[in-house]
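We use all heavy atoms of the structure for the numbers below, so side chains are in, but hydrogens, waters and symmetry mates are not.
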Amino acid sequence: MVGGEATNATAEHIWGPVWSAVRKNLGRSSQQSSTSLRSYGDFKFPEIPPGVPTVVLAVPFPVTSPAPSATVVLMEEAEVLGIFILAGIVWALPWLCINKRMCCRCFQRWIARRLFCYFLSGLVVNLFLISYVISYEPDVSANAFFFAIVDAAAALSDKLQEILVQCCVIVTVCAVITFRKRILALLGFDHQVVRLDLRDLCTCWAMSRFSVIELVLWRAEDLPPGFSTRSLFVRVVCGANEPHHTRPRDNCRTRLDLRERLQLNYDPDDDTQRLSIIVKQQEIVGAAVAQLAPAAGALAGGLAGFMTPLGPVAGAGVGVVTGVGAANSVGVEIARADFSSAAVNRIRARFNRDSGLDYVVGATPTLPSEYWSERHFLKVDLVPHGVCWLRIHDAGLP
């Protein structure tokens, strides 16, 4: 018993203070303590005996100091802004002195050789001035000033991002409009996709400005050779007209006999239109298969997008572009010739003045033999090589 009592006394001696602190912190102490006298300024609060009725009274106490006026804060912020401007002037002083005539040459040479030391000294001086002014002003703190700069930089970056996005949209639209012909050429389009321009809007889509011209193709010679005989035809593209095609000729090597006439709508005052004569090879793939190429490209691109970071939408878009390019590339281009509006007008003027023909052009496909001669046609060069015999005149004239 004596040993057990000694052990309990030792445990109580060790854990007693700890258990007392825990009970006080948890607020579950059963010990009764009297309320000591407390005071706030000149007000004293006596001990209230148990059982005495009390009444709660609202007594206002000034717990915070009054805020400074807006004018004082504005003046202090103006002083801080002024010291930052002064710091900038201190750093810009070499630039102001070296490039001006107000300083002597010896000082200019001296400061030019010691720019690093000057900027290091200016940094120390600026930090001292800024720190002194911020610590001197009672209502301006370095922490608040830092976060004010961060907020201003964040607002500026947001506005700058919006401006850059708008500028990118404008630049993209201008680039697409400027290089629209090259973009369409990359996609395989050799004709005008959107048949609407400013002239149509200004003339209310009136067709009176168009005249009918006739393009007569005789033959093409010295064409790039192939590995064997092939089927060739001519594709004619002019302005807003639908592309025209001649009848394919079989067993062609470097010569293509045409003897065909095509009529086109032509605006002689529109200097933006172009006449393209393209010699192409007929492919095994037909037009129906070519029309399915964009849809097939979109489907293949969408499926491939699931396995790439691009995603299905971007993959489908890339597939459509690839399919359109493939569809418009059907038909190997052998040679071509491009004519500007001025060149077409010169050829028209030449053959409209030609009055040496003593025959009447009929409506039949076969014209008199005198018509198909070199003196009635113009020889033009093709690219990459070859020549084509043609003539252009108004439809009412031979």
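Between I83 and L86 the shortest side-chain heavy-atom distance falls below 4.5 Å. A heavy-atom distance below 4.5 Å is found between the side chains of L223 and V279. Under the 4.5 Å side-chain criterion, counting only non-hydrogen atoms from C-beta, L256 is not in contact with F233. Inter-residue side-chain proximity for H245 and V234 is flagged as unmet; no heavy-atom pair is nearer than 4.5 Å. Side-chain atoms of V237 and L275, non-hydrogen and from C-beta on, never get closer than 4.5 Å to each other. Here the side chains of F339 and I392 are not in contact, with every heavy-atom distance at 4.5 Å or above. Between W389 and L378 there is no side-chain heavy-atom pair separated by less than 4.5 Å. The closest side-chain heavy-atom distance from R274 to S340 is not below 4.5 Å.
Between D394 atom CG and Q263 atom CD the span is 11.0 Å, to the nearest 0.5 Å. Considering CG of D158 and CD1 of I163, their distance stands at 11.0 Å, rounded to 0.5 Å. How far CD of E221 is from CG of L382: 10.0 Å, rounded to the nearest 0.5 Å. Put simply, CG on L217 and CZ on F377 are 8.5 Å apart, with the number rounded to the nearest 0.5 Å. Here C167 contributes atom SG and E162 contributes atom CD; the two are 11.5 Å apart, rounded to the nearest 0.5 Å. Rounding to the nearest 0.5 Å gives a distance of 11.0 Å between CD of E76 and OG1 of T71.
Between L390 and F351, the closest heavy-atom pair is O-CZ, 4.1 Å. Heavy-atom minimum distance, P268 versus Q273: N-NE2, 4.4 Å. Between W372 and W218, the shortest heavy-atom distance links the atoms O-CZ2, 3.5 Å.
Distance alone, capped at 3.5 Å, is enough to place a donor-acceptor pair between the R249 side chain and the L258 backbone. With D222 contributing its side chain and V387 its backbone, the two residues share no donor-acceptor pair below 3.5 Å. Side chain of N241 to main chain of C238: a donor-acceptor pair is present (N/O by atom type, distance under 3.5 Å, no hydrogens or angles). Judged by distance alone, with hydrogens and angles left aside, the side-chain atoms of R230 form a donor-acceptor pair with the main-chain N or O of R253 at under 3.5 Å. Judged purely by atom type and a 3.5 angstrom limit, H393 has no side-chain atom pairing as donor or acceptor with the backbone of R391. Not a single donor-acceptor pair under 3.5 Å links the side chain of N251 to the backbone N or O of S231. Listed for the T254 side chain is no donor-acceptor partner under 3.5 Å among the backbone atoms of P225.
Residue L129 is grouped with residue I149 when hydrophobic side chains (ILVMFWY) are merged at heavy-atom distances under 4.5 angstrom, including chains of intermediate members. Connection of L164 to V173 is not established within any shared hydrophobic cluster, with ILVMFWY side chains joined at heavy-atom distances below 4.5 Å, either directly or through further cluster members. Both F128 and V133 belong to a common hydrophobic cluster when Ile, Leu, Val, Met, Phe, Trp and Tyr are linked at side-chain heavy-atom distances under 4.5 angstrom. By the rule that hydrophobic residues join a cluster once side-chain heavy atoms approach within less than 4.5 Å of another member, I130 and I89 end up as members of separate clusters.
When only modelled atom types and interatomic distance are considered, S276 and D338 share a side-chain donor-acceptor pair under 3.5 Å. For the residue pair D271 and S341, no side-chain donor N or O sits within less than 3.5 Å of a side-chain acceptor on the partner. Y266 and N345 are linked by a side-chain donor-acceptor pair at a separation below 3.5 angstrom, with hydrogens and angles left out of the test.
Residues K280 and E333 are not paired through a salt bridge, judged by the lack of any N-O separation under 4.0 Å between the basic side chain and the carboxylate. By the 4.0 Å N-to-carboxylate-O rule, E214 lies too far from R348 to be salt-bridged with it. The existence of a salt bridge linking D257 and R259 is excluded, since no basic side-chain nitrogen approaches an acidic carboxylate oxygen closer than 4.0 Å.
Within a 6.0 Å radius of CZ in F147, no more than 12 heavy atoms belonging to other residues, nucleotides or ligands are found.
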Run the numbers on L232 and D250 for side-chain contact (heavy atoms from CB on, under 4.5 Å), then give the verdict.
-> CA-CA 7 Å; L232 300 181; D250 297 329; over 6 Å; no
What's the verdict on salt bridge (charged side-chain N to carboxylate O under 4.0 Å, His left out) for R219 and E374, showing C-alpha distance, side-chain angles and the deciding distance?
-> CA-CA 10 Å; R219 68 173 184 262; E374 295 184 0; 3.6 Å; yes
